[in-house]
S.K.: 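My questions all concern the structure below.
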Amino acid sequence: MTKNEELSVSGLCVTTRADRLAEIEETISNHPGLEVHARDPQSGKLVVVQEWATIEEHRKGLRELQALPGVLTAELVLHYRDPGDHPDATTTGVRT
Amino acid sequence: MKGDLSRRDFVKSSVAAATAAAVGVPIADAADPAAIEAGISWEKSVCRFCGVGCGVVVGTKNGRIAAVKGDPENPVNRGLLCAKGYANANILYGADRLTKPLLRLKDGRFDKGGDFTEVSWEQAFDEMERQFKRVHAELGPTGVGIMGSGQYTIPEGYAAVKLAKAGWRTNNLDPNARHCMASAVAAFMQVFGIDEPAGCYDDIELTDTIVTWGANMAEMHPMLWARVVDHRLRTEGVRVFNLTTYSNRTSECADHELVIAPQTDLAIWNYIAREIVNQDAVDTDFVENHCVFASGPTDIGFGMPGNDAHAFPAELDTLARQRVVTLTTEEAIAQGLDPSEEHVVEQNAAVGAGAHWLISFDDFKKGLEPYTLDFVAHLAKGDPDEDIEDFKKKLQLLAEYYGDPVRKVVSFWTMGFNQHTRGTWVNEQAYMVHLLTGKQAKPGSGAFSLTGQPSACGTAREVGTFSHRLPADMVVANPGHRARSEEIWKLPEKTLNPKVGSHITQMMRDLESGTLRWLWVQVTNPFQSTANANHWLTAAREKDCFIVVSDIYPTYSCKVADLILPCAGHYEKWGLYGNSERRTQSWRQVVDPPGEARSDVWQMLEFSKRFTLAEVWGEQAVLGLAAGGFEDGKMPDVLGAAEKLGYRPDQTLYEVLFATPAARAFPWPDPVGADHGCCTVEASGLDWFPEKALFEEYRQFGVDHAHDLAPFDTYYRDDVRGLRWPVVDGKETRWRFNGEHDPYVTEGAQFDFYGPALKSLKLGTLSGPGSGATVSLAGKAKIFFRPYAAPAESPDGNFDLWLCTGRVLEHWHSGSMTRRVPELNAAQPRAQIFMNASDAAARGLERNDVALIESRRGQVKAVVEIGGRNRMPRGTVYVPWFDEGVPINKVTLDATCPISKEIDFKKCAVRVSKT
């Protein structure tokens with residue numbers, strides 16, 4: 001991917017049973033496309049970043065997280081789409 | 001550090017930091033979250049979808065919304081959003097946004113059979129005006145109307161009320177919110193004398209028990225549901241009970257699920273009340289000090305047309321039940337009658353169905369007597385494959401939860417109660433149980449009606465965009481309320497029309513009968529959302545009528561329009577919404593509307609320039625008008641009185657209603673809008689701020705009338721995330737009617753149900769009112785006895801299944817916005833027919849087969865789903881209505897609650913077959 005391609009990244013919050021946090025963090029870290037960036041052992045929360053190319057890929061990742069044993073919830077918190085140099089992305093919706 | 005990171009790593013690290021900040025997780029080694037925000041300007045806002053009212057932070061870059069995140073400072077959603085919430089930006093950027101007015105033209109002239117052609121705003125308004133004046137001259141004010149919705153911003157709804165009621169003197173203004181929560185409104189007025197919930201969302205974390213009644217909150221109110229689930233998981237002893245007609249996602253996190261037969265909620269409430277009374281679980285102090293008992297007529301019909309003039313032949317048997325009903329065995333038992341006899345009941349109270357009177361506690365108890373565990377369990381069990389004893393145990397447990405003197409209980413409901421031919425009754429029954437047990441208007445306890453649209457409360461209800469309403473709970477039929485509105489609006493006496501207008505379903509019926517021939521549809525999609533749609537679609541195209549649809553996309557309703565007007569979307573205009581917990585929230589315009597799209601406020605203001613007072617304030621014929629001080633069938637000429645107020649007959653409605661000296665005193669530019677545009681101002685070159693002027697004028701209705709809102713600028717302060725009204729001395733109110741929290745409660749009182757409406761009644765018995773004098777009920781709430789009543793239509797040998805309709809998580813309303821968001825559309829691309837596997841097999845159907853669904857009124861095809869999110873009991877099918885490719889409202893029945901006039905979208909009889 002060149003510097004200027006469109007880039008889609010989601011920030012997810014995964015709530016786990018606190019006693020399984022480390023084990024689940026490891027499972028997620030081994031999953032392609034998912035990275036654990038922060039954890040809170042007290043609340044059992046993990047901050048997971050997902051990069052995706054297609055919507056289906058994004059949804060699949062979220063579904064897989066939700067299905068992991070010991071995961072109570074997995075929710076999308078922030079969705080960032082950097083349009084890069086994609087021409088349509090910067091012109092749509094602008095007053096003509 | 002920034003220089004060492006590739007763009008991808010840098011973005012990820014920043015997303016992680018922003019996510020961690022939103023959910024309160026400490027993070028050490030991340031980039032500054034502000035880094036991805038370089039060049040983005042952030043703005044607090046509110047979601048434009050459901051009635052929860054989540055806070056959204058919107059990021060703008062280069063004139064386009066680049067990012068959306070949950071607002072961590074908003075107490076409603078605390079930084080989280082559902083799948084739809086993230087689509088708040090993308091809904092503006094669908095490929096087919098409307099950017100030019102489109103008029104049906106043939107050979108350069110308007111023609112109902114012509115093709116949609118781009119025209120200028122001036123040409124569009126010219127034809128709209130010509131058609132209005134033609135219809136108005138023939139039919140008077142009742143021949144024209146506006147359909148709005150709970151998606152109106154507060155200033156938009158207020159402009160619509162003023163234009164229709166004060167300007168055109170018609171009460172034919174009604175919102176799609178009628179289909180959403182009119183039953184809740186009617187019950188609030190009947191029980192408390194004032195609209196909207198006593199409690200607030202804080203109740204979720206303060207309660208021990210959450211009972212959802214016909215409300216699939218996991219899909220329909222996901223961020224509130226997230227709070228429920230969080231509280232349930234963290235707090236010992238908290239229990240969640242889901243009452244529903246099919247298994248759904250809400251059941252997954254519930255401790256107990258009760259699958260009930262359609263309409264039997266009425267019987268279940270009475271069973272619970274009977275248990276509470278028989279087991280001495282009544283909070284006697286609360287009831288004696290703050291409540292009275294009441295009842296009303298039972299022969300009220302089903303809100304269907306009283307004649308067969310436009311009926312399809314197949315509809316005649318259902319329609320006949322509007323006039324005469326033969327009680328079922330269960331209804332006879334439920335009304336305390338001899339079930340071995342036939343009871344043929346003329347529906348004499350179909351008009352005036354909301355009448356009610358006081359009864360004694362002994363009569364109330366007598367009414368409840370038939371609702372034994374055995375009777376109710378056999379009537380209400382909704383899954384034929386469930387064991388009756390298991391069902392009974394759950395019913396008993398539910399009654400124990402409500403009756404337990406120490407357990408706090410919150411009951412949530414939305415469409416399952418409201419869209420119900422006895423919707424007002426079943427809302428009243430929820431208050432019946434909460435009042436009997438003293439579990440109302442207290443932190444952690446209360447019956448809590450949720451709403452479906454973002455400003456169903458804030459605009460449709462509080463502003464009063466209903467055919468019977470004026471702002472701040474006032475009604476057109478009340479001379480005092482009209483006088484107060486005329487005073488605030490500076491109108492001559494008797495400008496306002498005292499005759500209640502047509503509700504939204506009636507407006508459709510009026511189109512068909514030819515008594516309404518000019519219609520402006522704003523912020524809604526009624527030809528997809530109104531039941532029994534084949535009638536209305538045909539009428540719109542074939543009758544001599546002119547239909548204008550204002551929208552941001554070409555919707556299903558646009559297809560039957562004559563003129564389409566392109567609108568500014570949510571973040572392309574200024575606005576305020578009010579959510580389900582009375583919280584008023586605001587946003588600024590952050591991007592410009594595309595092309596020639598314009599705000600709805602601008603459209604109304606501009607169109608109002610085309611009417612002089614002489615054209616609309618002269619004598620007007622109003623069929624059926626009969627009110628004190630008015631000549632029958634007429635509204636008087638008020639032009640003479642108008643001149644005494646300083647108006648001239650050649651002045652326009654724009655000058656008299658909108659660009660008033662008071663309104664023009666709110667200048668633009670305004671410091672609250674620094675660095676922001678206002679498309680309403682810019683399109684007309686104004687030097688004043690219409691949205692603010694409208695809000696500030698509207699606010700006068702509620703101040704000192706228990707509906708106090710804060711000044712416009714307060715809601716835009718950086719440290720404010722909405723305020724729950726009444727806002728008195730700058731302080732919001734969390735629990736109304738509660739002396740510790742509500743400034744309107746009489747000094748020293750613990751509770752005070754001070755709502756003023758319908759608080760003077762006669763004493764009677766279960767069979768009718770007595771002849772004595774009326775009694776004042778100031779400060780009291782009413783505990784109603786309401787019996788079980790069978791639905792308007794039930795499955796039979798010909799149409800053998802129940803049909804229930806509703807929503808899915810990914811799509812909002814008619815899907816006109818969410819279906820244009822690729823993420824959401826990919827998740828749920830089409831409406832399916834959810835059915836039980838054995839029902840499917842019996843019809844030779846498998847998953848993904850195309851099936852035909854037929855009723856007496858119409859048919860559609862849809863793909864069969866036998867698994868998935870909704871697990872249906874045998875005998876019931878569910879079809880969501882978001883998909884215009886599966887217009888299920890061609891099949892549904894337009895029976896309504898006779899009191900609230902809200903359609904029952906949850907039950908009619910259908911058959912399903914293989915195509």
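Below, chain A is the first sequence line, B the second, and so on; all start at residue 1. Here the structure is a predicted model, which is why all the values come from computation and not from measurement. What you see below is based on every heavy atom in this structure, not just the backbone, and it leaves out hydrogens, waters and symmetry mates.
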S.K.: Does some side-chain heavy atom of V25(B) sit less than 4.5 Å from a side-chain heavy atom of R39(A)?
M.R.: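 Contact flag for R39(A)/V25(B) side chains = no.
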
S.K.: Looking at every heavy atom in both A38(A) and P26(B), which two are closest together, and how far apart are they?
M.R.: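 Nearest pair, atom of A38(A) first, then P26(B): CB-O, 3.7 Å.
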
S.K.: Could you work out, with ring-ring contact (aromatic ring centres under 6.0 Å, His included) as the rule, every residue matching H570(B), not counting sequence neighbours?
M.R.: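 If we apply the ring-ring contact (aromatic ring centres under 6.0 Å, His included) test to H570(B), skipping adjacent residues, the hits are Y577(B), W587(B).
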
S.K.: Examine whether an atom of A597(B) lies under 4.5 Å from a heavy atom of chain A, and if so say whether it belongs to the side chain, the backbone or both; otherwise answer neither.
M.R.: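 Neither; nothing under 4.5 Å.
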
S.K.: Should we say atom CG of D96(B) is surrounded by more than 12 heavy atoms from elsewhere, each under 6.0 Å from it?
M.R.: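 Yes, enclosed.
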
S.K.: Does any non-hydrogen side-chain atom of V15(B) lie less than 4.5 Å from one of S10(A)?
M.R.: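 No, too far: nothing below the 4.5 Å cut-off.
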
S.K.: Working to the nearest 0.5 Å, report the span between CG of L46(A) and OG1 of T19(B).
M.R.: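 If I round to the nearest 0.5 Å, the distance is 12.5 Å.
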
S.K.: Side chain from CB out, backbone as N, CA, C, O: work out which of these in L62(A) comes under 4.5 Å of a heavy atom of chain B, or both, or neither.
M.R.: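 Neither part; nothing is under 4.5 Å.
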
S.K.: Using a 4.5 angstrom heavy-atom cutoff, name the option from T73(A), L76(A), D40(A), L12(A) with the most pairs to chain B.
M.R.: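 Top option by heavy-atom pairs under 4.5 Å: L76(A).
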
S.K.: When you look at Q50(A) and K12(B), which way does the side-chain contact (heavy atoms from CB on, under 4.5 Å) test go after all the steps?
M.R.: CA-CA 8 Å; Q50(A) 182 196 20; K12(B) 284 184 184 172; over 6 Å; no

S.K.: Heavy-atom distances under 4.5 Å only: say whether I65(B) touches chain A with side chain, backbone, both or neither.
M.R.: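 Looking at I65(B), nothing touches chain A.
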
S.K.: Heavy-atom distance under 4.5 Å to chain B: side chain of T15(A), backbone, both or neither?
M.R.: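 Looking at T15(A), nothing touches chain B.
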
S.K.: List the atom of E75(A), the atom of A226(B), and the distance in Å for their closest heavy-atom pair.
M.R.: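 Closest approach of E75(A) to A226(B), heavy atoms only: OE2-CB, 4.2 Å.
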
S.K.: Tell me the closest heavy-atom pair linking A16(B) and V49(A), and the distance in Å.
M.R.: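 Minimum heavy-atom contact is CB-CG2, 3.6 Å.
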
S.K.: Answer with side chain, backbone, both or neither: which region of L81(B) has an atom nearer than 4.5 Å to a non-hydrogen atom of chain A?
M.R.: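 Contact with chain A: backbone only.
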
S.K.: Just grab all the ring pair (Phe, Tyr, Trp, His ring centres under 6.0 Å) pairs involving residues 56-79 of chain B, residues at least two apart or on different chains.
M.R.: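 Output for this query is empty, none listed.
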
